[in-house]
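Residues: numbered from 1 along the sequence shown.
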Amino acid sequence: MSTPGTLTDPARTDPTAPGYRPGRTLPLRVEAVRQLRRRRTQVMAAILALLPVVMVAAFAIGGEPERRGRVNLMDTATASGLNFAAVCLFVSAGFLLVIPVALFCGDAVASEAGWSSLRYLLAAPVPRARLLWSKLVVALAFSAAAMVLLPLVGLLVGTLAYGWGPLQIPTGGALPAGEAVGRLAVVVAYVYVSQLVTAGLAFWLSTRTDAPLGAVGGAVGLTIVGNVLDAVTALGDWRAFLPAHWQFAWADALQTDIAWSGMLQGASVSVSYALILFALAFRGFAGKDIVS
């Protein structure tokens, strides 16, 4: 016969409720629906979808681009729908596409803290790592959707305005339409990978502040600083360690013979920085005092 106190009741010692599974808390579908319904998501989608329409209107009012001296990608914008989609990426990759990435990733955690709902999510209980994982996956998925939305709308609008045809290469020659679509897919994939640095920076800042605008603005601002530093030629070979140095390496995909070296170097730099920043975000948030 056991003496009092020698037996333990599992129901009393187990701190979690029956059936509780940490991996099933805050499902990705729930988080995705929450983010999809937010006004800032809808506004950003509208801006990206309207840009090609605005560009077509600008070409209609101002006429076709003038070809002076060396021909560049912008000069071929009205050659076909594929050229127009490529130009949409060219004019937006340096700054416009940075904004949705910084917005979705920088707003992910900081917005919950700003609404004073973060501590209630963790008290649900949602494990901290699970919370960050769900937020990050959804933010990266929405960022990828933004990258795909712009060239898709650009291709549709450009085809309606300028017709379907091969992609004219500024340096001479053309890529058949079928092959050019695959090349544009490579460009979109590379642009997305190159923006992972901004995503990592914004997400890390989002775990450090309760102000979403601070995280978003900080990520955009530091991205701009990177672009400025890349323009300082006195830095020489040190610029190769800046993600901004490789942001237009995707132009090598729009040549007769695709060159991978620049894109591979740019992708390795971007992914390396991003992994470090994501790791800092998870490590810092694990021991952070949540008061909001």
Side-chain angles (χ1 to χ4, degrees), residues 40 44 47-48 51 54-55 58 65 68-70 72-75 77 86-108 110 139-140 143-144 146-147 150-151 170 187-209 211-254 259 261-281 284:
R40 56 101 158 123
M44 182 54 62
I47 292 174
L48 294 174
L51 176 64
V54 172
M55 290 181 61
R68 296 178 180 177
R70 185 178 179 181
N72 55 39
L73 187 60
M74 181 64 74
D75 296 328
V87 168
C88 287
L89 284 169
F90 175 72
V91 301
S92 59
F95 181 72
L96 180 60
L97 288 179
V98 173
I99 297 177
V101 175
L103 182 63
F104 294 135
C105 295
D107 190 66
L140 291 178
S143 299
M147 301 291 167
L150 178 63
V187 171
V188 173
Y190 178 78
V191 171
Y192 176 69
V193 172
S194 68
Q195 296 295 346
L196 287 179
V197 177
T198 301
L201 184 58
F203 192 72
W204 174 64
L205 290 174
S206 186
T207 63
R208 306 301 300 175
T209 179
L213 286 179
V216 176
V220 173
L222 289 174
T223 301
I224 294 174
V225 169
N227 291 334
V228 172
L229 289 176
D230 183 57
V232 180
T233 55
L235 290 175
D237 294 338
W238 288 102
R239 293 186 300 162
F241 294 96
L242 296 172
H245 186 69
W246 306 99
Q247 63 180 334
F248 290 109
W250 55 263
D252 293 338
L254 300 182
S261 60
M263 288 187 286
L264 289 175
Q265 291 181 69
S268 64
V269 170
S270 179
V271 171
S272 298
Y273 279 115
L275 289 176
I276 293 172
L277 290 166
F278 289 144
L280 288 175

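By the 4.5 Å heavy-atom criterion applied to side chains, M44 and L48 are counted as neighbours. Side-chain atoms of T223 and Q195, non-hydrogen and from C-beta on, never get closer than 4.5 Å to each other.
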Just distance, no hydrogens or angles: give the donor-acceptor pairs under 3.5 Å from side chains in residues 92-103, sequence neighbours left out.
residue, atom, partner, partner atom, Å
S92, OG, C88, O, 2.6

Side-chain donor-acceptor contacts of residues 230-246 below 3.5 Å, not counting sequence neighbours, with atom names and distances?
residue, atom, partner, partner atom, Å
D230, OD1, H245, ND1, 2.7
R239, NH1, D230, O, 2.8
W246, NE1, A240, O, 2.9

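Relative orientation of the F203 and F278 rings is perpendicular, given thresholds of 30° and 60° on the angle between their planes.
L196 is linked by a side-chain contact (heavy atoms from CB on, under 4.5 Å) to L140, Y192, V193, S270, V271, A274, counting only residues two or more places apart in sequence or in another chain.
Taking OH from Y273 and OG1 from T198, the interatomic distance works out to 12.5 Å, rounded to the nearest 0.5 Å. L201 CG to L280 CG: the interatomic distance, rounded to the nearest 0.5 Å, is 10.5 Å.
For L229, the CG atom counts as densely surrounded, since its 6.0 Å shell holds more than 12 non-hydrogen atoms of other residues, nucleotides or ligands. Surrounding CZ of F248 are more than 12 heavy atoms belonging to other residues, nucleotides or ligands, all under 6.0 Å away.
Summarising the geometry of G262 relative to Y190, their closest heavy-atom pair is O-OH, 4.3 Å, with the distance given to 0.1 Å. Of all heavy-atom pairs spanning A253 and V187, the tightest one is CB-CG2, 4.0 Å.
At least one donor-acceptor pair under 3.5 Å links the side chain of S143 to the backbone N or O of A139.
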